Structure formats: structure tokens, C-alpha cells
Amino acid sequence: MEEEVKDKAVNIPDVETWMESQSFTTTADIKIPEKLSDQVIGQDSAVEVVKKAAEQKRHVMLIGEPGTGKSMLAKSMTEYLPKDELQDVVAYHNADDPNEPRIRTVPAGKGKEIVSAQKKEAMARKSQKSSMITAIVMMVMVLTVILFWQAQDPMILLFGIMAAAMIFFATRYVGQRQENYMVPKLLITHEEGATIPFIDATGAHAGALLGDVKHDPFQSGGLETPAHERLEVGAIHKASKGVLFVDEINMLRMESQQSLLTALQEGKFSITGQSERSSGAMVKSEAVPCDFILVCAGNMDAIQGMHPALRSRIRGYGYEVYMRSTMDDTEDNRTKLVRFVAQEVAKDKKIPHFEKKAVMEIIKEAQRRAGRRGQLTLRLRELGGLIRVAGDMAREESAPIVTQEHVIKAKKVARSLEQQIVDRYIQAHKLYPTFNTEGGAVGVVNGLAAMNSASSMSELSGIVLPIVAEVTPAQTKNGGQIIATGKLGEIAKEAVQNVSAIIKKYTGEDISNHDVHVQFVGTYDGVEGDSASISIATAVISALEDVPVDQTVAMTGSLSVRGQVLPVGGVTAKIEAAAESGLKKVLIPKSNQFDVVLEERYIGKIEIVPVTNMGEVLSHALVSGSKKDGLLQKLAALVSAPLKPAAKPITQ
């Protein structure tokens with residue numbers, strides 16, 4: 001497998017050579033596909049599944065890391081859905097049960113005509129009633145004046161005015177109320193020939209997702225608003241005959257997921273009030289059509305928070321897709337990244353186009369962020385952020401085009417929060433050093449750690465993690481123990497315990513007669529993972545055998561209980577942190593040697609040595625001298641398999 005990766009890396013030309021062979025001058029020369037699905041980069045199998053699902057009207061669940069194209073894939077489904085007839089939805093007053101409004105569907109564009117015609121009819125009736133009321137009031141006033149003229153009694157005039165006022169207000173109020181009940185409410189409307197709806201319901205609460213009924217503070221006395229007028233449709237109803245997209249599906253409450261499942265199964269869902277303390281809770285309309293295709297998305301943790309029945313429905317009537325986070329570094333895929341830059345410029349509409357060398361720098365960054373040689377990252381949203389920052393810099397300088405210098409500057413400005421924190425950490429170390437970068441010390445090792453490995457960012461930030469070990473006699477016979485401090489997580493604690501087996505193998509010492517103290521220096525935010533295993537083992541063996549460790553060396557790697565060095569994550573970021581801190585050599589697992597993609601400013605600044613077992617680690621990490629030679633001879637006698645010769649440093 002490693003040979004295949006190596007062959008790929010060798011066969012493809014470097015980015016500079018490849019870019020010279022490209023025919024475009026700037027990204028303005030790049031043609032952008034019209035269809036969204038053709039704009040998706042590196043997710044070919046997912047695109048095929050989405051096309052098939054759209055044509056067959058199947059549901060889809062997209063799982064993967066952020067920024068890999070899930071929402072764009074969901075939007076592209078509308079391009080392949082069958083062109084069903086869209087419908088308008090109209091709500092009417094129900095005379096038999098006012099709290100159960102009637103729902104009617106009509107062809108697209110007809111809903112407005114119906115409501116408009118009903119409003120005109122209501123206005124005509126209102127005008128007719130107003131004319132009649134005015135005539136009656138006038139007759140009462142004329143009769144009052146005649147009677148007053150004949151009797152000359154002011155009380156007649158007073159009673160006449162009061163009677164006219166009572167007739168006017170009473171008849172006007174009753175008529176108005178009847179007119180409100182007559183006019184239906186247009187819940188959903190489409191223009192004739194409108195495109196298939198795509199509704200993004202990400203983060204929607206129950207009312208916005210499922211529909212709601214407005215609260216009516218005037219619930220009696222003839223002042224109430226008709227129930228059908230208070231209906232509000234939800235995203236599931238707006239998405240009927242189209243696509244409903246819900247990202248971070250696990251953030252929906254279980255009750256909402258259950259209701260969403262019901263809507264999927266029935267193809268229709270009644271609108272009711274979502275708050276029990278609202279008057280809308282008494283209202284439940286007839287079922288409103290919601291025949292939609294569900295596309296839900298999320299990270300891997302989204303599966304744990306999903307309603308089991310909802311996921312089962314998607315699996316039974318649709319597809320589950322796991323998005324890729326990297327793609328092979330081939331000429332074809334590099335061409336796609338060039339197109340991606342052009343797409344981002346066109347989408348932003350504010351930044352200038354990129355020249356060849358600027359695009360070359362973006363592709364190099366895609367290689368680095370992939371975390372493995374021969375791969376390109378598909379975390380394109382974050383890469384798009386770098387493109388926009390570079391574009392902003394060019395625009396600030398009134399440059400007509402984005403150059404390579406703009407991209408290099410943007411890489412420094414657009415650093416993640418974790419990377420900025422690491423920069424401050426390195427600056428603080430220069431004032432208050434917690435580790436040495438020269439000389440030798442017994443029981444002290446410069447380990448390496450990835451600071452933001454648990455975050456959702458594609459870029460990892462490395463830091464130097466000093467580890468100090470001390471071995472003391474146990475207080476009781478055979479009562480020795482390993483004591484580790486530094487706010488360790490569960491995996492880190494287990495890694496420390498596993499080191500005991502390696503110490504026995506590589507030193508021949510029975511550590512049950514010793515207390516082994518291991519300190520992770522300056523780990524105020526805690527330590528998790530097993531990538532410090534070779535550092536711990538080296539520190540403990542150094543302390544046990546009193547052999548100094550070379551302080552110009554840093555190391556990272558996991559260990560099996562048999563002493564093999566196992567691969568770890570974030571190798572590139574860790575090496576760059578070691579180089580930034582002034583260290584001269586770094587030991588990494590041999591399995592990770594093709595994961596190293598350094599920025600140009602670090603190339604040649606630090607020696608990188610791949611190792612396969614603990615013997616090789618000690619050979620490179622310990623200070624040369626009689627004690628080291630004696631320990632290595634002892635190892636050769638203790639370990640049954642002969643030690644392999646130390647690996648040659650890798651060159652970038």
C-alpha cells in the first residue's frame with residue numbers, strides 16, 4: 001500500500017510543472033458548468049446516488065465532514081426531480097367545527113385567483129350592506145327630525161340619534177365578522193411554471209418545520225380571528241413536490257423527528273398549535289399535503305442523535321451516503337480544483353479572478369490540508385475562505401487580479417483560532433521556556449501534540465509537549481505503580497499503562513519495584529490520545545537507565561505493547577511546530593512518512609526520521625556515549641528480533 005502511494009506521488013508532476021502546462025491565463029478563462037451537480041468537486045459516487053435518488057424520488061442521508069458539498073448536492077436534486085404539477089393550498093372556514101379549518105388544493109396559480117375572487121365578493125357584499133345601513137340610518141334620522149319638528153321635544157332628538165348609532169355599529173360589526181369568515185386564506189402559492197421548491201429547514205424549530213397556529217388574544221365575545229386565518233404552514237408543506245433539506249438532523253428534537261417521520265409516511269400533515277399555552281393548541285386543520293423528498297445531513301455524530309425509526313425509513317426508502325474528505329492528487333482532480341477557484345470567484349461576485357501562480361498556491365494548500373501525500377482535501381468551504389481572503393487583499397490594493405503573493409499573505413491572515421493560539425504559545429515559550437532545544441537531559445523528552453484534533457477544522461495545529469519522567473523505589477515490595485499527571489484523558493491514561501510492557505521488554509527491569517512518575521508539562525487544557533506513547537517510553541527508559549535524551553529531537557508516535565511504532569494524526573502540523581520552536585530533528589512513525597506535506601518555509605529546516613520500533617527511537621533520541629552504547633547492546637540481547645538499521649531521513 002505504501003509503495004502504491006509512493007508511486008502515485010512520484011508519477012504525477014509537481015504542481016509548478018503541471019501548472020505551466022495549463023492553457024488558461026486567469027480563472028476568467030475557465031468555463032463553469034451550469035448544473036449544480038456538475039459543480040460538486042470530488043464526490044462522483046455521491047453525485048450519481050443523488051441523481052438516481054431524485055429520478056426515483058428517494059430520500060437521502062448525507063454524512064461527512066463539514067464543507068464537503070452536502071448542501072450543494074441537496075440543492076442539485078431539484079435539477080433531476082420529475083416535473084410534477086405544483087399545487088396551491090387554500091384554507092377555508094369550517095362552519096361545522098371552527099377549530100378544524102378545511103384544506104383544499106388547486107393547480108398552481110389558481111389559489112390567488114380564488115382568494116382574489118372571494119375578496120372581491122366580500123367587498124361587494126360589504127359595500128352593499130354599508131349602503132343599506134346608511135339608508136336605514138338616514139331614514140331614522142329623517143323620521144327623528146320630523147317628530148322633533150312636530151313635538152318640539154328634545155328627548156325625541158336624543159333617542160333618535162342613539163337609535164341610529166346603535167343600528168350603525170351593530171350591523172357594521174356583525175357584517176364585518178361574517179365577511180372575515182367568508183374569505184379563505186392562501187397557505188401556499190406557486191406561479192404557473194415555477195421551479196421545483198427547495199426548502200432549507202436547518203435549525204428550524206417545531207413551528208417553522210411542521211407549521212403552527214397563531215395565538216389569538218381575543219378568544220370570545222365575537223372579537224376572535226377565524227382559525228383558518230391563523231394557520232401558518234411549515235417547511236414540510238412548502239417543500240411539497242420538492243426537496244426538504246435538514247442539516248445537522250440530530251439537532252432536531254425527538255418529537256419533531258417523530259412528526260417528520262409521520263409526514264414522510266403519510267405525505268400529508270395537519271397544522272396545529274405547537275405551544276400548549278397558546279389558543280392555537282385548540283386548532284387542528286385538515287391534513288395539508290407534504291409530499292417531499294427528504295435530504296438530511298450531518299457529521300458522524302448525527303447518526304447517534306437520530307430517531308431510529310426515521311433513519312430506518314431513509315434506509316428502507318432511500319440512500320445513505322458517506323462523503324469523501326480527500327481525493328487522489330491526479331491531473332484531472334487538479335483541473336477540478338482550478339474550476340473550483342473560478343466557481344468561488346463567480347459566486348462571490350466581489351473579488352477579482354486568480355492568475356495561474358495564485359491557483360497553484362491554492363492547490364498546494366489543498367495538498368497540505370489533505371494531511372497525506374498524494375491526496376487533495378475536499379474540505380472546500382474552508383479552502384474557499386482562503387480564496388475570498390486572498391481576493392479581499394487584492395481588492396484592497398486595487399489589483400485587477402489575484403497574485404501568488406496575495407494568496408501567501410492570505411494564508412498568514414486566515415489562520416484558524418487554534419493556529420493563532422499556537423503562535424502565541426511559541427512566543428510565550430521564548431519568554432518563559434518550558435522545554436530545551438539543545439543539549440541533553442535525563443528523563444526529559446520533547447513530545448508533539450495536535451492542538452485542535454477534536455475540532456471540525458481541517459487544519460491541525462501542532463505544539464511541542466514536554467514530557468518528564470522520574471523513577472523512584474517503590475514504598476512497598478512489588479508495589480510499584482505508574483503515576484501520570486497533566487489532566488490526561490482515558491486514551492492517554494491507557495497509553496501510559498501500556499508503556500510498562502515496553503519498558504520490561506527493552507530494559508529487562510521489573511518495574512513492580514519502582515514508582516514511575518510521568519509529567520505532561522503545561523497541559524492545562526488536558527491531553528487525549530496515544531500519540532505521545534514513544535515520548536513517554538523514551539523518557540521513562542532514559543530515567544531508568546540514566547541515559548540523557550537529545551533535546552534537539554522531538555518525536556510523535558503511538559506504540560503497540562510489542563514495541564512497534566504505530567501511525568498517528570496531524571504529523572505535518574507537529575513537524576511544523578517542532579521546526580518553528582527551533583528543534584533540529586523529529587521522529588515520526590514510518591507509516592506516516594507519506595503524510596508529510598510541509599509548507600515551503602519549513603522544508604530543509606528540520607530533519608525528519610521515520611521509525612518502525614522502539615529500538616530505532618532510542619537509537620536516534622539518546623545522546624551518544626558509553627551509556628547509550630551499553631543500553632543498545634543490552635536491547636540487542638533482550639529483544640529476540642534483531643533491530644533494523646536506522647531509517648534514512650526523508651527529504652521534501
Side-chain angles (χ1 to χ4, degrees), residues 422-423 425-451 462-471 484-486 496 499 502-503 506-507 516-523 527 531-557 559 565 568 570-571 573-589 598 602 604-611 614-632 635 646-647 649-650:
V422 168
D423 291 343
Y425 172 84
I426 292 171
Q427 291 174 8
H429 163 69
K430 293 175 182 177
L431 296 174
Y432 307 100
T434 56
F435 58 90
N436 296 318
T437 57
E438 56 185 20
V442 173
V444 181
V445 173
N446 291 323
L448 296 169
M451 187 171 180
I463 58 171
V464 178
L465 178 65
I467 296 172
V468 181
E470 186 61 84
V471 179
T485 58
V496 173
V499 166
I502 297 157
I503 295 168
Y506 281 86
T507 65
V516 179
H517 299 262
V518 180
Q519 180 187 9
F520 290 74
V521 179
T523 55
V527 178
S531 65
S533 296
I534 64 171
S535 304
I536 299 167
T538 302
V540 173
I541 291 172
S542 168
L544 196 61
E545 298 291 332
D546 195 32
V547 182
V549 177
D550 187 350
Q551 298 301 290
T552 66
V553 176
M555 61 185 73
T556 183
L559 272 177
V565 180
V568 294
V571 173
K574 293 173 182 177
I575 294 172
E576 291 178 349
E580 197 72 43
S581 299
L583 296 165
K584 302 303 180 186
K585 182 191 289 187
V586 61
L587 310 183
I588 65 168
L598 299 179
Y602 295 113
K605 193 174 179 180
I606 190 168
E607 181 185 357
I608 305 168
V609 181
V611 291
M614 198 60 212
E616 293 180 12
V617 172
L618 295 173
S619 176
H620 284 285
L622 300 179
V623 174
S624 298
S626 58
K627 289 186 177 181
K628 174 182 176 179
D629 296 338
L631 176 60
L632 293 180
L635 288 180
I650 5 179

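Along the sequence shown, residues are numbered consecutively beginning with 1. Quick caveat: nothing in here was measured; it's all calculated off a predicted structure.
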Derivation and outcome, side-chain contact (heavy atoms from CB on, under 4.5 Å), residues Lys585 and Val609 = CA-CA 7 Å; Lys585 182 191 289 187; Val609 181; 4.0 Å; yes

How long is the span from the CD atom in Gln519 to the CD1 atom in Ile536, to the nearest 0.5 Å?
-> 12.5 Å

Show your working on side-chain contact (heavy atoms from CB on, under 4.5 Å) between Glu576 and Leu598 and close with a plain yes or no.
-> CA-CA 7 Å; Glu576 291 178 349; Leu598 299 179; 3.7 Å; yes

Val568 and Val571: which non-hydrogen atoms are nearest, and at how many Å?
-> O-CG2, 3.7 Å

May I ask you to decide if Ala450's main-chain N or O and Lys574's side chain share a donor-acceptor pair within less than 3.5 Å?
-> no

Counting only N and O atoms by type, is there a donor-acceptor contact under 3.5 Å from the side chain of Ser619 to the main-chain atoms of Gly615?
-> no

CA sep, side-chain torsions, deciding dist, call: Val464, Leu448, side-chain contact (heavy atoms from CB on, under 4.5 Å) | CA-CA 5 Å; Val464 178; Leu448 296 169; 4.0 Å; yes

Sorted by chain and number, sequence neighbours left out, side-chain hydrogen bond (donor to acceptor under 3.5 Å, both in side chains) with Asp546 holds for Lys627

Looking only at heavy atoms, what is the nearest atom pair of Gly557 and Pro589, with distance?
-> CA-CG, 3.8 Å

Taken in chain and number order and not counting sequence neighbours, the residues that satisfy side-chain hydrogen bond (donor to acceptor under 3.5 Å, both in side chains) with Thr538 are none

Does Glu545 reach the main-chain N or O of Ala543 with its side chain, forming a donor-acceptor pair under 3.5 Å?
-> no

Could you pull out all residues at least two apart from Lys605 that satisfy side-chain hydrogen bond (donor to acceptor under 3.5 Å, both in side chains)?
-> none

Contact check, side chains of Val444 and Val549, non-hydrogen atoms, under 4.5 Å = no

Do you know the tightest heavy-atom contact between Lys628 and Val623?
-> CB-O, 3.3 Å

Shortest non-hydrogen contact from Ala577 to Gly462?
-> CB-O, 3.1 Å

Taking the side chain from Asn446 and the backbone from Gln551, do they hold a donor-acceptor pair closer than 3.5 Å?
-> yes

CD1 (Ile575) and CD (Glu580) are apart, to the nearest 0.5 Å, by 14.0 Å

Heavy-atom nearest pair, Ala621 first then Leu587, reads CB-CD1, 4.3 Å

Grab the two heavy atoms, one from Thr437 and one from Ser581, that are nearest each other, plus how far apart they are.
-> CG2-O, 3.4 Å

Ile608 CD1 to Tyr602 OH distance, which is reported to the nearest 0.5 Å = 12.5 Å

Backbone of Val547 reached by a side-chain donor or acceptor of Ser542 within 3.5 Å | yes

Test Leu618 against every option in Ile534, Val611, Ile541 by the side-chain contact (heavy atoms from CB on, under 4.5 Å) rule and name the one that passes.
-> Ile541

Can you tell me how far CD1 of Ile463 sits from CG of Leu465, rounded to the nearest 0.5 angstrom?
-> 6.0 Å

